[in-house]
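All figures in this text were calculated on a predicted structure; none of them were measured in a lab.
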Amino acid sequence: MEKELEICTGCDRGLCHQAIGRQDRQLNTYDWLADVPGNADSTDLVEVQFKHTRKGYYHNINRLPLKKGDIVAVEASPGHDIGVVTLTGRLVALQIKKANLKSADDIKRIYRLARQVDMDKYHEAKALEHQTMIESRKIAKGLGLDMKIGDVEYQGDGNKAIFYYIADERVDFRQLIKDLAAAFHVRIEMKQIGARQEAGRIGGTGPCGRELCCATWMKNFISVSTGAARHQDISLNPQKLAGMCAKLKCCLNYEVDEYMEAGRQLPSREIALQTLDSDYYYFKADILAGLVTYSTDKRIAANLETITAERAKEVIEMNRRGEKPESLQEAGNQKKENGPVDLLAGDSITRFDKSKKKKKKKKKPSDRRNNNEQQQ
């Protein structure tokens, strides 16, 4: 915890505002109102974060001068819990609205800034979490329950432990709770989470090279279907579409609305374009650019022609009137290569391997004289 205290006293990476480094706190919220006068006094609501992605909202009834990074003791049932202040001021009300708290009773009180006695109990409780998780998995396996206990979190005072589990179906864990309470002598709370929530709690790096969205900013998870990939013309490859949680990537939903809107401007895939030379069939499309590529063969790429969606609609309208253009390209327009230009395409890949020619050293007059004497 000493390392955690050091991390929570500064922000040297520029990834957050006023204390708490991102390397320690997940779901960090940038407080863009922190410098506004009177922001901290505008409300007594405070956001407090606990282990991984668990957050809570509390009333600062004692008007403590709290700031981001302070370690506080907060009300729990029973006892108290230890957490880190991650947000104060007006933005907390917006965070509460975003969290969809059903009742005002969920907002409890902040007791005090954590004292040394509180931190000692906190250290003792946190030291038990890993071993408790291992033992609880053995107990659940002994009972034959089809579930996975992914994480255990002790309350700051050590009186309660939250067991996070994953299960595909409903699990009757009444006997499990009795066995866990008898084994660990604490109050037991079972909380079911999904695969996405588990990935957020564990954290990691996605194939994009950034930290997982579920571990940095996402709180609400919505269903993701393969339809989102189809609308964006993404290959339905399970290995590429699946995230770290083995579910479809959440980012598939980020741009699907824009792709659907742009896709409505494209002609139907089922309509073939007729010219005087041949018939052209839909091959692929650049949805956001509004370009459609047609092929003279239905199955393979042959004689590809890329035109705009407007031009494709013009040709379709001409075909409906019984007219056929000479080519898909507009009159007077030459076929242009679409896509990025590779400036190094014509260069040799072995250009760096060519060794420099060694310059011949000029012989000195004295060297020449010696060589002539040796020959004689």
- [ ] Please report the C-alpha distance between E323 and N319 in whole Å, then the side-chain angles of each, then the deciding distance to 0.1 Å, and finally whether the side-chain hydrogen bond (donor to acceptor under 3.5 Å, both in side chains) criterion is met.
- [x] CA-CA 5 Å; E323 302 175 3; N319 294 157; over 6 Å; no

Open item on the list: Let's go through T306 and T293 carefully: what are the C-alpha distance in whole Å and the side-chain angles of both, what is the deciding distance for side-chain hydrogen bond (donor to acceptor under 3.5 Å, both in side chains) to 0.1 Å, and is it a yes or a no?
Closed with: CA-CA 4 Å; T306 301; T293 301; 3.0 Å; yes

TODO: Starting from the C-alpha separation in whole Å, work towards a yes-or-no answer on side-chain hydrogen bond (donor to acceptor under 3.5 Å, both in side chains) for T86 and E47.
DONE: CA-CA 6 Å; T86 53; E47 181 186 78; 2.7 Å; yes

- [ ] Go through R54 and D81 one step at a time and tell me if the salt bridge (charged side-chain N to carboxylate O under 4.0 Å, His left out) criterion holds.
- [x] CA-CA 12 Å; R54 185 169 72 92; D81 205 350; 2.9 Å; yes

Task: Check against side-chain contact (heavy atoms from CB on, under 4.5 Å), L328 and Y280 - done: CA-CA 9 Å; L328 292 185; Y280 288 84; 3.5 Å; yes

- [ ] Evaluate the criterion side-chain hydrogen bond (donor to acceptor under 3.5 Å, both in side chains) for residue pair Q239 and N237; output intermediate values, then yes/no.
- [x] CA-CA 6 Å; Q239 295 181 350; N237 186 341; 5.0 Å; no

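The closest side-chain heavy-atom distance from L113 to D70 is below 4.5 Å. Within the 4.5 Å cutoff, no side-chain heavy atoms of E169 are placed close to those of D146.
In terms of hydrophobic clustering, with Ile, Leu, Val, Met, Phe, Trp and Tyr side chains grouped at heavy-atom distances under 4.5 Å, L128 and Y165 are assigned to a common cluster. Clustering ILVMFWY residues whenever any of their side-chain heavy atoms sit less than 4.5 angstrom apart, transitively, puts M133 in the very cluster that holds V186. Hydrophobic cluster membership is shared by I316 and L266, with clusters built from Ile, Leu, Val, Met, Phe, Trp and Tyr side chains linked at under 4.5 angstrom. Cluster annotation: I188 is connected to F173 through the hydrophobic network of ILVMFWY side chains, with a link wherever side-chain heavy atoms come within less than 4.5 Å.
To the nearest 0.5 Å, atoms CZ (R170) and CD (Q192) are separated by 9.5 Å. Once rounded to the nearest 0.5 Å, the distance linking CG of L143 with CD of Q175 reads 6.0 Å.
In this structure, R112 pairs ionically with D118, as a charged nitrogen and a carboxylate oxygen lie closer than 4.0 Å. Taking the charged nitrogens against the carboxylate oxygens, K126 and E129 do have a contact shorter than 4.0 Å, which makes a salt bridge. At a threshold of 4.0 Å, the pair E153-K51 does not count as salt-bridged, since none of the basic side-chain nitrogens sits closer than that to a carboxylate oxygen.
With no hydrogens or angles considered, no side-chain donor-acceptor pair links T296 and S278 at under 3.5 Å.
Applying the side-chain hydrogen bond (donor to acceptor under 3.5 Å, both in side chains) test to N62 and every residue at least two apart in sequence or in another chain returns nothing. In this structure, F184 has no ring-ring contact (aromatic ring centres under 6.0 Å, His included) partners at least two apart in sequence or on a different chain.
Heavy atoms of other residues, nucleotides or ligands lying less than 6.0 angstrom from CZ of R321 number more than 12. Other residues, nucleotides and ligands place no more than 12 heavy atoms under 6.0 Å from the NZ atom of K121. Counting non-hydrogen atoms of other residues, nucleotides and ligands closer than 6.0 Å to NZ of K313 gives a total above 12.
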Compile the donor-acceptor pairs under 3.5 Å between side chains in residues 250-265 and protein atoms, sequence neighbours left out, one pair per line.
from, atom 1, to, atom 2, distance (Å)
N253, ND2, S223, O, 3.3
E261, OE1, R264, NH1, 2.7

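Taking the centre of each ring, Y122 and Y154 stay at or above the 6.0 Å mark.
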